[in-house]
Amino acid sequence: MFSHTHGWVQNNFSKTLSLNDNWLFRQADKDQWYKAQVPCSVQNTLIEKQHLPDPYYGTNEKDLQWVENFDWEFKKVFTLSAQEIAFHSAVLHFKGIDTFADIYLNGVKIQETENMFLAYQIPVKELLRKGENTLLIRFYAPVNKLKPQREASGFEYPAMNDHREEKVSVYARKAPYHFGWDWGMRIVQMGIWRPVELLFFNKAYVDDYFVAQNHITAQKASVENQIEIMALQPINATIEVRCTIDKQVFSHHQKVLLNKGKNTLTIPMLIENPKLWMPMGWGKQHRYDFSVKVLEGKHLICKKHQKIGLRSIRLLQEKDLRGESFTFEVNDKPLFAKGANYIPGEILTTRQDSLYYERLFENILAANMNMIRVWGGGIYENDYFYELADKYGILVWQDFMFACTPYPYDAHFLQNIEQEAIYNIKRLRNYACIALWCGNNEVEESINYWGFERIVPKEAYEGFKVGYKKIFRELLPSLLQKTDPTKSYIHSSPYIANWGRPQSLAFGDAHYWGVWYGREPFEILDKRVPRFMSEFGFQAFPEMKTIRTFATEQDFDIESEVMKVHQKSSTGNDAIKEYMDMYYRQVENFEDFVYVGLVMQGEGMKKGMLAHRRNRPFCMGSLYWQLNDSWPVVSWAGIDYYNNWKALHYKAREAFAPIAVDMYQNQQNQNTEFYVFSDELQDRTNVFLNIQLISFTGKVLKELNEVVNLQANTTQLLKSIPMYMLVNIELQKNHFVKVKLIDQNHQVIAQDHFFFLSPKNMNLPQTQIESSIAYTQGKCILTLRSSHLAKNVFIEIPLLGAKFSDNFFDLLPNEEKVIEIIHPQISNENQVPLKIKHLRDTYQ
Ligand code: BMA
């Protein structure tokens, strides 16, 4: 688990001392020392101490850039007792060093580091003394450290997201997004980014414990306990493995002679009728407590625990008439993957605390998601991320950390990658949530389709392909095969590069960027349906309350300096404007531009999610780009940096509902089709389907009732009506269709409504929303009603991160809507003002 281990954990045979407090650091060529608490980076600590300005505000980003050009030194003095010194072995454990550093203990260099994604375990028994000990870490500025490599290569790597002219990021095994991205600011950090511990032990230590899930079915789980034990001397030991759930216990004892050094043991175990771990929506996330104990006689020498969800996850890629499937099968059932791409939630990486992760997963669950892709330009996440994914049943698509550029492939670099991959595969292999390892994000696509052959010398370009094969088709899959062979691997996302090619939709996963980069209308998403959509996206500004945290009234113009610093996509603002002209009437001011943009992003992206589910089983997943932000910025995110849901996140929640309905105007057969998508594992019989054609002023023009049966875990066409029979062109302007599914207990199990035209071609009525509001401690309840349709009602409250039960919704004529808004600063005494607007209000 990711935690700051404070204080002491003690038994007779081992002891762990946390070394996270009371560090000092300084610019290496200056005398002034600053205090620091680990985990931290130089930049983050200097910002906290106000020696650097708030990087998010205004145009401050540029004022922090100097820090990356200097070396920095960290120092810590700690005291050891005679009792600690008496332990037979001591290991310093650095869980994360960012990135290039020399580590000294009591004046002796004990380690050179060059990989942010590795942990370093250093035996230090001989160097420790009773009393004071000193750790000193010299961090080297990555830009200077890597300069010689860049110069020697003779060309510039086309790492387009690296914001500095001299692009060194590809030479560093360091979070790519630290160097900038098309949604990210640049802060090339240095520091101790994960906790530091000093571990003392006598005799032996369980170094690693893997519960390999070789074959899991509902009847039988066949697992292997793979244990690595470091022994300081030969020991006649008994190894006890136990596995418990509720009150059931499975255990196994084995006598072994442990040799001095590393010992590897494998103990098989069979569990009858296991309680399986289920993904979100399919049942409980059962987890077994596995433990291994090493005993000498009756004395416990060392032990280790793991919480294990037993499940099988397979990625099926099977040839069929239209190409090849790309289907995740969990516990032998096909799963339609619903979710988004996750980027690191902070540019200042160490600011992400457990509260951040808890909030993140709350948001993921709230939007009915069952899969998250940890995208390859960030970090291999902290353990707590995967712990929560296990706890809640969220599958994780895990990229290795390579994105959007080719990488070097010299022997030293490959060896560095090898260590990183083994470390992270081992660290994550016990988590039930890991559904897939993927070599990289868009590296193959970048090499083959982004025109690099025109900007680098021929040999360099040929080298990109050689390097690609070595890293992503040979090295990484072979390491996975050795270390965690039951996991699936694909060499890259997308699997078949380039969204312009038909193959990209027929095989593997796809990043479809025809919407946005290709300026195609959202409706294209109905046609360009892949086997699995692992990225598609559209930008929106964050709402005004977030913009106000970094900009003032004078900056409220998309072309202002401040807004440009907060828009990193070179094509961003133009694309938003172009699409707005396609779908919406002209807006008159910045605030309305922001609001309409948010609505457009949400509504447009929802079309895509529905299209993906509608095309099941051809298409078996929909992960949009992107879930979250790493600072307050204009981006493709569905949730902004301050935890405000954009319209997109509410729309995703609707589109991803366990049972959702859909209306589709099928241009090929000229029918209006009604679909139901079910992710439930049980059928539902005798469900009422109700379809109404309603005017914007609330008159029901047509109604259809039918009894239907819903099949489990599938998509079904429920009803098909010739378009002309439902509505004529004139009525399309001011009518919508409401679809409901109601069970025998009169519970609405799915509901949605659909329009025929783009908002700019609708005759939206003027209407006055009636509202009443009641404040209590921590929340307010807002009741809304309107006689006419109020489209995309937006409730604005000047409190960052306030939670709304709904927002950006259509208030249907004469239907009451009750909205709950939660924020600790709301109370009867503090009646925070609300603003309500809807789309028609933006018309002149
Ligand atoms: C994708 C991603 C990111 C990028 C996004 C938007 O394909 O993989 O690299 O931020 O597009 O351009």
Side-chain angles (χ1 to χ4, degrees), residues 157-163 167 169-170 175-186 339-345 347 372-379 397-407 438-450 452 472 490-501 504 508-520 525 528 530 532-541 566-576 579 601 604-605 608 622-631 633-641 646 648:
Y157 267 86
M160 296 178 325
N161 291 296
D162 183 331
H163 288 172
K167 302 196 187 308
S169 53
V170 291
Y177 84 108
H178 282 180
F179 296 85
W181 214 264
D182 62 358
W183 38 256
M185 73 187 322
R186 177 184 177 101
N341 286 270
Y342 164 80
I343 62 166
I347 175 62
I372 288 297
R373 171 169 175 237
V374 177
W375 163 81
I379 56 171
W397 166 316
Q398 179 68 48
D399 283 0
F400 285 97
M401 293 301 128
F402 302 88
C404 299
T405 167
Y407 286 83
C438 167
N440 63 72
N441 175 74
E442 296 183 355
V443 173
E444 199 208 22
E445 170 156 325
S446 79
I447 296 172
N448 289 328
Y449 295 98
W450 294 2
F452 296 165
F472 303 111
I490 58 172
H491 70 94
S492 184
S493 182
Y495 189 69
I496 301 272
N498 189 7
W499 44 264
R501 286 200 299 162
S504 71
D509 68 314
H511 295 187
Y512 192 79
W513 284 101
V515 171
W516 187 254
Y517 289 108
R519 300 291 204 273
E520 293 169 341
L525 297 169
R528 304 278 186 269
F532 190 108
M533 188 70 100
S534 49
E535 276 189 20
F536 71 115
F538 196 89
Q539 274 201 352
F541 283 56
H566 292 78
Q567 166 60 285
K568 300 295 190 196
S569 165
S570 52
T571 175
N573 291 340
D574 291 344
I576 296 174
Y579 278 88
Q601 181 199 31
M605 290 294 291
S622 185
L623 309 181
Y624 65 78
W625 185 264
Q626 73 202 61
L627 179 66
N628 57 325
D629 273 334
S630 57
W631 68 302
V633 66
V634 183
S635 83
W636 297 264
I639 307 170
D640 80 17
Y641 177 71
K646 292 180 174 178
L648 170 54

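For the numbers below, each heavy atom of this structure counts, side chains included, while hydrogens, waters and symmetry mates do not. Counting from 1, the numbers follow the sequence of the chain as shown. First listed ligand is number 1; within each ligand, the first listed atom is number 1.
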N/O pairs closer than 3.5 Å, ligand 1 and protein:
from	atom 1	to	atom 2	distance (Å)
ligand 1	7 (O)	E442	OE1	3.1
ligand 1	7 (O)	E442	OE2	2.4
ligand 1	7 (O)	W513	NE1	3.4
ligand 1	7 (O)	E535	OE1	2.4
ligand 1	8 (O)	W375	NE1	3.1
ligand 1	8 (O)	N441	OD1	3.1
ligand 1	8 (O)	N441	ND2	2.8
ligand 1	8 (O)	E535	OE1	3.4
ligand 1	8 (O)	E535	OE2	2.8
ligand 1	9 (O)	W181	NE1	3.0
ligand 1	10 (O)	W181	NE1	3.3
ligand 1	10 (O)	D182	OD1	2.5
ligand 1	10 (O)	W183	NE1	2.9
ligand 1	12 (O)	D182	OD2	2.5
ligand 1	12 (O)	Y517	OH	2.4

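Taking the side chain as every heavy atom from C-beta outward, L648 and Y624 approach each other to under 4.5 Å. A 4.5 Å side-chain heavy-atom check between Y407 and N440 finds every atom pair outside the cut-off.
Side chain of D399 to main chain of G376: a donor-acceptor pair is present (N/O by atom type, distance under 3.5 Å, no hydrogens or angles).
In this structure, the ring of Y495 has its center no less than 6.0 angstrom from the ring center of F532.
Under the ring pair (Phe, Tyr, Trp, His ring centres under 6.0 Å) test applied with W375, the options Y177, W397, F400, W181 reduce to a single match, W181.
Applying the salt bridge (Lys or Arg N to Asp or Glu O under 4.0 Å) rule to D629 yields no partners; only residues at least two apart in sequence or on another chain are considered.
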